[in-house]
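First the proteins, then the strands, lettered A, B, ... as listed; each starts at 1.
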Protein chains: 2
Amino acid sequence: MPSKSTSSFKDGRISKISEATISRLPAYYRALTQLADSAQVRVSSEELAAITGVSSAMLRKDLSHLGSYGTRGVGYEVEFLRYQISREMGLNHDWPVVIVGVGNLGRALAHYGGFGSRGFRVVALVDSDQTLIGTKVKCGAEGKTVDLLVHALSDLEDVIKETNARLGVVATPAESAQGVSDRLVKAGIRSILNFAPIHLSVPDGVDVRKVDLASELQILAFHEQRKAV
Amino acid sequence: MPSKSTSSFKDGRISKISEATISRLPAYYRALTQLADSAQVRVSSEELAAITGVSSAMLRKDLSHLGSYGTRGVGYEVEFLRYQISREMGLNHDWPVVIVGVGNLGRALAHYGGFGSRGFRVVALVDSDQTLIGTKVKCGAEGKTVDLLVHALSDLEDVIKETNARLGVVATPAESAQGVSDRLVKAGIRSILNFAPIHLSVPDGVDVRKVDLASELQILAFHEQRKAV
DNA sequence: ACACATTTGTGCAAAAAAGCACAAATCGTC
DNA sequence: GACGATTTGTGCTTTTTTGCACAAATGTGT
C-alpha cells in the first residue's frame, strides 16, 4: 500500500488525513448509521470505539483530523458526525460503478445491497463471454433492484462514456485483468477495485484497491498453523 | 489491525515475521507459482518485486525473514522459494473451510476456484434459510467440483465436528454475523474470514480478517473526490 | 458562582513499517 | 585464481502509525 497522505482544503487551511485514518472512516460511518437507526442522539468516543473495534484514543485522533466535531464532557452528536464523515468521504455524491466480469463474483457484487445504499450505483455490466452478453442481470438488493444488460467487453469505452461511470470493478480472471484495467484507465476511470488475484500496473493518479480472497485465507492459515505449535 | 508479530521456531532459533510481511507473502507465492508455470527457473528480487508491485528492497527484507534462500549475484530459485513460502504459510497442509451464509456472496465463494487450488477445501455450507437447507450447491471451479448439501444453522457445531473444519467464513447479513461468530468460536474455530459489514468481537487467540466490499468502494470514492478538486 | 465529574483534543513517546545504501557473496571470464 | 559485474542480505535512517497521559472544555449540582 503506497500510503500517501491526502491533503485538502477545509475552511481555508490544509488538512492532511493519513491513509490509516481514511481506511477506518467507513467503519465509523457504518457504526454511526447503525446508531442513528436506533435513534441514539449522542455517542462517546469510548462507545463508538467499542463498536468499531479500535481504541478510543485512536478514534478521537482520527476524528480530530476531520475537525473538532465533538463536545468535551459530552461526546459526539450521532447525526452531525455521520454527516461530516459522509461529506468528507464524498458519500453524498453519486458514484456510478461499472463492473467488468459477470461471473459468480461479479454477479454477487451486482446483487450486493451494501453498494446501492451509500451513493454507489452499479450502472453497467461488461463481460467478454458471448453467452452472457445481451442477457439481463438483477442489480441491487431487495427493494430497489434494476435489470442491467450485460455489454460486450469491446464496448467498454462507449459504456463508460454513456453511463459516466467513475469507479471500475475488475472481477475478471487474472489473465484478462491487466488488459481490462488498461482499458478502464484509457476510458478515464481513475479508481479501480480489483478482485483479480494479480497486481495491476496503473499510471500515476490512478488508485487501485485490491481484494484478494485467497490471500486472506492464506494469511489466516498462516496464523492457524502457528497456533497449533 | 492489531499487528502483533508472530514468533516461531525455525531450525532452533526464534524468528519473528511482521504482520506486514505476512500479508505480502501470498502475493509472492502467487507470482512464484505463475513463474513456475511458465518454466522460469530463477528470479531476481527486482523482477519478483515488479510482478507483485512492491519495492525490491522490501521484497528482499520480507524474504530474509523466512531465511536466506537466495544466492547473491544470482537471485532466487523459483521452485525452491515457492516451496519455502508454502511451507512457512502452511499451504502444504489441508485446510477444511466451513462457509456460513449461502447467499449470493457465499455461493460465489463456494464456486471460487482460488480456494481449492491451495489447500483450502470447502467442506461444509451452512445457512438458516429453510428454503436453502437441504439443497445442493456446486463447490469449486471447473475440473474439480463437488456438490455440497446446505446444512441447517442449528447443526453448525455438529457439522464442524464431523468435517473437522478449521477455518470459518462468515458470509451472513450483519445482523446474524456476531451470533454466528460466537458459535464458530464455541465450536473450536479460531480463524474467521468475515464478509459481514460489522466488527466481530472474539476472545483472545481467535483471528478475524475482515473483507468489506462497501468500505473499499468508500475509500476509493474518498480518493476520487480528492482528485476532482 | 464555584467545585466536580466527564469526555474531548492533542503533545509526546514508543513501536512498526518502509526506504536507502552498501558490504558481502556469487558467477562468469580472462 | 584474480577481476568485474551482479544481486542478495542487512544496518541505519526516515516516515508512518499507534498508544499514553493529561490539559482544556463542557455540563451539573449546590
Practice problem: With side chain to side chain contact (heavy atoms under 4.5 Å, CB included) as the test, would you mind laying out the steps for A:Leu66 and A:Glu88 before giving the verdict? | Solution: CA-CA 8 Å; A:Leu66 306 186; A:Glu88 187 78 26; 3.6 Å; yes
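- Atom CD in A:Glu77 sits about 13 Å away from atom P in C:dT8, given to the nearest Å.
- If you measure from atom CD1 of B:Ile17 to atom C1' of C:dA16, you get 16 Å, rounded to the nearest angstrom.
- Atoms CG (B:Leu66) and P (D:dT8) sit 15 Å apart, rounded to a whole Å.
- Between B:Glu46 and A:Ala57, the residue anchored nearer the 5' end of DNA chain D, judged by the nucleotide with its closest heavy atom, is B:Glu46.
- Comparing atom distances between the A:Thr71 side chain and each of D:dT10, C:dC12, D:dT26 picks out D:dT26 as nearest.
- Which of C:dT8, C:dC20, D:dT18 sits closest to the side chain of A:Arg60 comes down to C:dT8.
- Candidate nucleotides D:dT10, D:dC20, C:dG19 were compared by shortest atom distance to the side chain of B:Ser64, and D:dT10 ranks first.
- Residues A:Val74 and A:Lys61 both approach DNA chain C. Their nearest nucleotides, taken by heavy-atom distance, put A:Val74 toward the 5′ side.
- Regarding contacts with the backbone of D:dG9, a side-chain N or O of B:Tyr76 is found under 4.0 angstrom from either OP1 or OP2.
- Between the CG atom in B:Leu184 and the CD atom in B:Glu157 there is a gap of 8.5 Å [rounded to 0.5 Å].
- Heavy-atom minimum distance, B:Val206 versus B:Ile192: CG1-CD1, 4.4 Å.
- When ring centroids are compared, A:Tyr69 and A:Phe80 come within the 6.0 Å threshold.
- For the pair A:His65 NE2 and C:dT10 P, the computed distance is 9 Å after rounding to whole Å.
- B:Tyr28 has its OH atom 13 Å from the P atom of D:dT8, to the nearest Å.
- An OP1 or OP2 oxygen of D:dT7 is reached within less than 4.0 angstrom by no side-chain nitrogen or oxygen of B:Tyr69.
- Residue B:Ala20 places its side chain closer to C:dA17 than to any other of C:dA17, C:dG19, D:dG9.
- Within 4.0 Å of B:Arg24, counting heavy atoms only, lie sugar-phosphate atoms of the nucleic acid but no base atom.
- Comparing C:dA17, C:dT8, D:dG9 by their nearest atom to the side chain of B:Ser18 picks out C:dA17.
- For B:Ser45, whose side chain is taken as the heavy atoms from C-beta onward, the closest listed nucleotide among C:dT8, D:dG19, D:dT8 is D:dT8.
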